[in-house]
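Contents: one structure, followed by commentary.
Heavy atoms only: backbone and side chains are in, while hydrogens, waters and symmetry mates are out. Chain letters run A, B, ... following the sequence lines, proteins first and then strands; every chain starts at 1. From a predicted model like this one, the values you see are computed outputs, not experimental measurements.
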2 protein chains.
Amino acid sequence: MAPAQKTIFVAIIGLGGVGKSFLSQLQHLRTRLAQATTPIDLRLILARRSTKELFSEDFSHLDIPSLPSKLEGSSRPVLPWSETQDYLGTAPGRVVLVDNTSDAGLARSYPSVLRKGVSIVTPNKKGFSDGYDIWKDIFSAAANGSGPATGGYVFHESTVGAGLPVISTLKELIETGDEITKIEGVFSGTMSFLFNSFMPVGGGGGGFGGEVKKAKELGYTEPDPRDDLNGLDVARKLTILARIAGLQVQSPTSFSVQSLIPKELESCQSGDEFVQKLPDYDGQMEKLKDEAAKEGKVVRFVGSIDVGSKDVQVGLQKFDTSHPIAALKGSDNIINFYTKRYGANPLIIQGAGAGGDVTAMGVTGDLIKVIRLLQ
Amino acid sequence: MAPAQKTIFVAIIGLGGVGKSFLSQLQHLRTRLAQATTPIDLRLILARRSTKELFSEDFSHLDIPSLPSKLEGSSRPVLPWSETQDYLGTAPGRVVLVDNTSDAGLARSYPSVLRKGVSIVTPNKKGFSDGYDIWKDIFSAAANGSGPATGGYVFHESTVGAGLPVISTLKELIETGDEITKIEGVFSGTMSFLFNSFMPVGGGGGGFGGEVKKAKELGYTEPDPRDDLNGLDVARKLTILARIAGLQVQSPTSFSVQSLIPKELESCQSGDEFVQKLPDYDGQMEKLKDEAAKEGKVVRFVGSIDVGSKDVQVGLQKFDTSHPIAALKGSDNIINFYTKRYGANPLIIQGAGAGGDVTAMGVTGDLIKVIRLLQ
């Protein structure tokens, strides 16, 4: 069956929180594009989560609303990834792979996927924040990097600040000839929530260990909160932005990253044990809090990139209570771009930087960009 | 001479502050695209300002650095606009018209320009904020509206918030299926500067008339400050955003707009006379300032769109001193998008919303988008 010219094929890997939100946005987009003046047939041809998958051998569309239950009932073994790539490469038209996982192995295959002409949109930070070589390989294969026009496009807006227009804004500043001097902000919804609770402007807030426990109970942390408190998630986001700004950052562990995990608790057997013992180490954080309060400041966990001095840092800093970073609410992210053109006052992007719906929004937005480029 | 496939022709109308900044960004972009993996020849073929113009009859490139002086020395009469359109229509490849004027007549020709396959990028608010019919005509002719694929593309990021990613963000929220509930913000650099000086958080500030005089002297107002104080500039921006959000706003005077020009001064002969007499009417603004101070608030000139109730408003409002709108600095704009997906805390875009360089940045960013779509 030869599809009409305006057909674009979509394959999804990963159906967790972001994946489920994305599916619902995909259904909305599919309906909208089918009704457009120049209609586009957006066809879901493959969906995979951990050990189960569904794909259509004849490249017809897999019904989205019934997908989760069909996938649940499927006993089809998952094809090896190399065979799946071959399958996508034989689709009778352009294909977009939506990687909603955080799988480093999958990310390592992006260059070969792109070389097959398959585009990629993803919130998966691994490919863009692991070794610098992988980053180079990805963009030397992509049509919107230095790759051939026959290669796929790659977009990853949701790797920083979820659906907030962070990466697109940074790229536009650079492409239009501005000079980035500094990028500074709160890049983790978890860290934002923790410090806005631990030391709100105006005083108050509980002990640090107790706030971590509360955040975990409210679902604001990873299952093991050490995965947030080690600073690596923020370091990955900084790695991505620094590379876009032109710095050859080797890896997210190649610069100064402050971990909030007390040395003594690094060996805890479980996240639960860690959360239980953390309040015993409140003293040090309380001391920082008191110091900041005496200076009329608050403590926040931030990332910063000084482009001129190539200095990338992740850790605790004190801010005046009138600073936009201090005034942040809930689990919001804030990203300040200081540039030559914008002068003393930065260009600021602020809002929810975590959550299934807003992360999926960044992925869907990227999918729309790819569709426009493929038309 | 048949140009290579990867040639894109650019025509510029308007060489004031924004136009000059744009020219310098165009030169930067031209150099970058010529050196890209898949090179593009970005050719400037026409430049016009008020009564002078230069164009290349053989569609070869006009040297950018020497353009202003050559244009100054040119005695060539300006071609009628209809003939210029015909000229652009005969270019051997795709053309982008950059309208850096604020000319309503030129804006009325956008539909016919687009139908010729010529794309448009512009900071000119007129076409998008005058009568609703013109808005409809433009987007029914554009390839990225409901027009045919052979039509030109139209982008106008700089019509709201200069280079800040306001329009692109609003469109992406809508296209990915979010529901906009409310848009609120400070949309005028002049009004921002005036009120941040007149009533800074923490007290102080001079009389309103004096602050207007100071802002004019510093170049923060239009030559005649009444063009800022009548609220029409903000009303035009709100009209544009409301229409993108789906409201059929008829014109920028079809909703409530508060003018800060005292009735008695509407008949002043000149902007200078107006500025001289304005301090005589400080009493009313001082009263508002006192009222707000008693409530622990500040006064700001804002625009708001309540999408559900279709209510668009422009005028003075009081804000808690802890509100992001109160904390604005200098002549910064702030735009808050309240949506279903983002919940209680809005998605916020903030930064310089006026000035040649940042306005031109929005235009250049739009040009880059068009070039990608035309490749």
Side-chain angles (χ1 to χ4, degrees), chain A residues 21 24-25 27-29 32 36-38 140 143-149 163-165 168-169 172-173 175-178 201-202 322 324 327-332 334 336-337 340-352 355 357-358 360-365 367-369 372-373 375, chain B residues 21 24-25 27-29 32 36-38 140 143-149 163-165 168-169 172-173 175-178 201-202 322 324 327-332 334 336-337 340-352 355 357-358 360-365 367-369 372-373 375:
Chain A
S21 291
S24 127
Q25 293 178 25
Q27 176 69 8
H28 172 273
L29 181 64
R32 192 168 66 75
T37 319
T38 313
S140 66
N144 56 330
S146 57
L164 298 174
S168 55
T169 299
E172 186 159 309
L173 286 164
E175 286 172 346
T176 59
D178 202 355
V201 171
S322 67
L328 221 53
K329 294 209 164 55
S331 60
D332 278 5
I334 183 169
N336 298 287
F337 293 108
K340 192 177 169 196
R341 212 176 264 159
Y342 276 88
N345 295 345
L347 189 170
I348 302 176
I349 312 274
Q350 182 180 328
D357 279 355
V358 294
M361 171 195 155
V363 181
T364 306
L367 175 59
I368 292 171
K369 281 177 205 142
R372 285 206 185 108
L373 292 169
Q375 269 184 283
Chain B
S21 292
S24 126
Q25 293 179 23
Q27 176 70 4
H28 173 273
L29 181 64
R32 192 168 67 76
T37 319
T38 313
S140 67
N144 57 331
S146 58
L164 298 174
S168 56
T169 299
E172 185 159 310
L173 286 165
E175 285 172 347
T176 60
D178 202 356
V201 170
S322 67
L328 221 53
K329 293 210 163 56
S331 60
D332 279 4
I334 183 169
N336 297 288
F337 293 108
K340 192 176 168 196
R341 213 177 264 159
Y342 276 88
N345 295 346
L347 190 169
I348 302 176
I349 312 275
Q350 183 181 328
D357 279 354
V358 295
M361 172 195 155
V363 180
T364 306
L367 174 59
I368 293 170
K369 281 178 205 140
R372 286 208 184 107
L373 291 169
Q375 270 184 283

### Task
Find the one option among A:A143, A:S146, A:A36 whose heavy-atom pairs under 4.5 Å with chain B are most numerous.
A:S146
### Task
Please flag which part of A:I334 lies under 4.5 Å from any non-hydrogen atom of chain B: side chain, backbone, both or neither.
neither
### Message
Measuring from atom OG of A:S168 to atom NZ of B:K369, what distance do you get when rounded to the nearest 0.5 angstrom?
### Response
8.0 Å
### Message
So, applying side-chain contact (heavy atoms from CB on, under 4.5 Å) with A:T176, which one of B:I368, B:D357, B:V358 is it?
### Response
B:I368
### Message
Within this structure, what is the CE-CG distance for the pair A:M361 and B:D178, rounded to the nearest 0.5 Å?
### Response
7.0 Å
### Query
Is the shortest side-chain N to carboxylate O distance from B:E175 to A:R372 below 4.0 Å?
yes
### Task
Determine the option with the most heavy-atom pairs under 4.5 angstrom with chain A, choosing from B:A327, B:G365, B:S331, B:G330.
B:G365
#### Entry: Gap separating the OG atom of B:S21 from the CZ atom of A:R341, nearest 0.5 angstrom
8.5 Å
### Summary
salt bridge (charged side-chain N to carboxylate O under 4.0 Å, His left out) filter on A:R32, not counting sequence neighbours, yields none
## Note on the structure
What one should report as the nearest heavy-atom pair of B:I349 and A:P165 is CD1-CG, 4.1 Å
### Residue part contacting chain A, namely of B:T37, when any heavy atom lies under 4.5 Å
side chain
### Task
Count the heavy-atom pairs under 4.5 Å between each of A:L373, A:L29, A:T38, A:L164 and chain B, then report the option with the highest count.
A:L164
